Protein chains: 2
Amino acid sequence: MDNAPEEPAATPDRPAGEDPAPGEQPTKPRRRQARGERRIEQLLEAAGVVFSHTGYTAASTNAIAREAGVSPGTLYQFFPNKEAIAVELGDRLLHRWRDSQGQALRDEHATLPLPEMLDAVLDPLISFNFENPAFGVLMHGPDTPGRITREIESVHTAVLHRIEELMSGYLPDAPEAEVARTANMTLALFKAGLDLIQTHEGAEREAYIQELKTAMFRYLDPLIGDRAAPAGSSRDHLESTP
Amino acid sequence: MDNAPEEPAATPDRPAGEDPAPGEQPTKPRRRQARGERRIEQLLEAAGVVFSHTGYTAASTNAIAREAGVSPGTLYQFFPNKEAIAVELGDRLLHRWRDSQGQALRDEHATLPLPEMLDAVLDPLISFNFENPAFGVLMHGPDTPGRITREIESVHTAVLHRIEELMSGYLPDAPEAEVARTANMTLALFKAGLDLIQTHEGAEREAYIQELKTAMFRYLDPLIGDRAAPAGSSRDHLESTP
DNA sequence: GACGAATGCGAGTGGTGACTCGCGTTTGCC
DNA sequence: GGCAAACGCGAGTCACCACTCGCATTCGTC
């Protein structure tokens, strides 16, 4: 009935263990050696490379193992199945993303003038996506295990809420729906610019970073210039109050 | 060395036949009945649905056949293999896209004032993407047969050139590289807005269409100095030429 | 209505890729 | 150094999926 990739049943094994926390289910904590932890890092990095190159379904576990320089059997020493690799990788990326995002969207930045604010917010987020190319692919691939999709969704709405929060500082009396829409558009604009930035190199890339900031500035500046009339900003292009 | 999906060898059979053109290779023109042509349409539409839902690799030919309400054997009556389905679908989408794009980016539109120009250009392109949801997925999926990717690329650059052409009418003395960058950013902005539009419904969707136009207006308006500026169009937002 | 070709079917078949198994090697610990 | 457990391997298993085959049905044409 449904051939979209979904999670099979339950977590069979914890791949990269946190501390077992004494009061927990006896889920076989599976002690690891330092070597094992290193292998896990290797494998996740390899998985990031392969996934970002081919997407989730088209990536083979053998390819991941090969990329990591280990045998397929070794891979399954640390991950119960292919999905678990993606889940663990997704978890880490999402965690790192939360950090970057928290750093970028600080309260202090909301008090900066717009151009400086854009630098302060965008630069770290651009760097992040640059250092974690698998992030975008896992984020937007049409095939990706449902568990990840759901986590991504929650992180996505969290970012939006944060942006709305910051924006409502600039726009104290704009209707909520409009703030939400503007936040969404801002995020979408960022993603669009990011794509451009990632597909260019060297000086071109720098130019596109600048171009993204310019576009964002032009989009956001009219909103915060004066107390823009609520009707004026989205009803039509030009009718605003004199 | 390379496990990205590539085309295997050569075109084994022509799936949806044009006229055989007497002077051609004896490639078994395979006469079709009207019923067959209809099946092909059905199958391609089904393929569009399935691909747009799961991506290329994760889509199974059985799922496509089921979606079309036929048996797997019937599917292979009309297409030699899975890739051929994607290629044919891609061809048709790209062809339709060329039409829509040609209609949207007409010379006459370049003389309109910006807000009207945005309506004239964006509305048809939005409708197109709306009626062909597989287009975007096939366009951006990390797995998609290389043949399609290459065609997409050529269409993509064609669109960019056309946008640049139109833009250089507005910006007669801007450096070429800058025009190219602006065209790229404009297209990216469009794609970003499109995504937003497609993931919302009803009134929300309309609002996002408007929001996209607003964003585009704010991005492009400051660029066009004095040309085609009606009744205070650019006065409200940023600096304008006196 | 009869004949050949096109269409339609769905149970196979072969190959690929996720995952396992048995056994050898390394590590941590006493 | 000796023991147990973690690590490492890669040939092998199994399920799934792209694709085929033999046969039934429908269509176009005379």
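Quantities reported herein were computed from a predicted structural model and do not represent experimental measurements. Proteins get letters first, then strands, A, B, ... in listed order; numbering begins at 1 in each.
Sorted by first then second residue, the salt bridge (charged side-chain N to carboxylate O under 4.0 Å, His left out) pairs that include residues 40-65 of chain B, not counting sequence neighbours, are E41(B)-R92(B). Every pair passing ring pair (Phe, Tyr, Trp, His ring centres under 6.0 Å) that includes a residue from residues 32-51 of chain A is listed here, sequence neighbours excluded: F51(A)-Y56(A). Listed by first then second residue, pairs satisfying side chain to side chain donor-acceptor pair (under 3.5 Å) with a partner in residues 118-128 of chain A read D119(A)-K213(A), D123(A)-K213(A), not counting sequence neighbours. Listed by first then second residue, pairs satisfying side chain to side chain donor-acceptor pair (under 3.5 Å) with a partner in residues 181-196 of chain B read Y208(A)-N184(B), not counting sequence neighbours. The salt bridge (charged side-chain N to carboxylate O under 4.0 Å, His left out) contacts involving residues 126-142 of chain B comprise nothing, where partners must be two or more places apart or lie in separate chains.
In the helix from dG1(C)-dC30(D) to dC30(C)-dG1(D), the terminal helix axes, each the rotation mapping four pairs' C1' atoms onto the next four within five end pairs, subtend 30°, rounded to 10°.
Within the 4.5 Å cutoff, the side chain of H200(B) has no heavy atoms near those of the E206(B) side chain.
Scanning for side chain to side chain donor-acceptor pair (under 3.5 Å) contacts around E211(A) gives Y219(B), with sequence neighbours left out. Scanning for side chain to side chain contact (heavy atoms under 4.5 Å, CB included) contacts around R205(B) gives F130(B), I197(B), E201(B), I209(B), with sequence neighbours left out. Residues passing the side chain to side chain contact (heavy atoms under 4.5 Å, CB included) test with R162(A), sequence neighbours excluded: Q101(A), L105(A), D107(A), E165(A), L166(A). Residues meeting the salt bridge (Lys or Arg N to Asp or Glu O under 4.0 Å) test with E108(A), sequence neighbours left out: R106(A).
At whole-Å resolution of the value, CG in N81(A) and P in dG17(C) are 18 Å apart.
Contact annotation: Y76(A) reaches the phosphate of dC19(C) (side-chain N/O to OP1 or OP2, under 4.0 Å).
When DNA chain D is scanned in the 5' to 3' direction for atoms under 4.0 Å from non-hydrogen atoms of chain A, the outermost contacting nucleotides are dA6(D) to dG10(D).
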Fill in the blank from the handout: Expected string for nucleotides 6-13 of chain C under the B/S/- scheme (protein heavy atoms, under 4.0 Å, primed atoms plus P, OP1, OP2 as sugar-phosphate) is SBBBB---

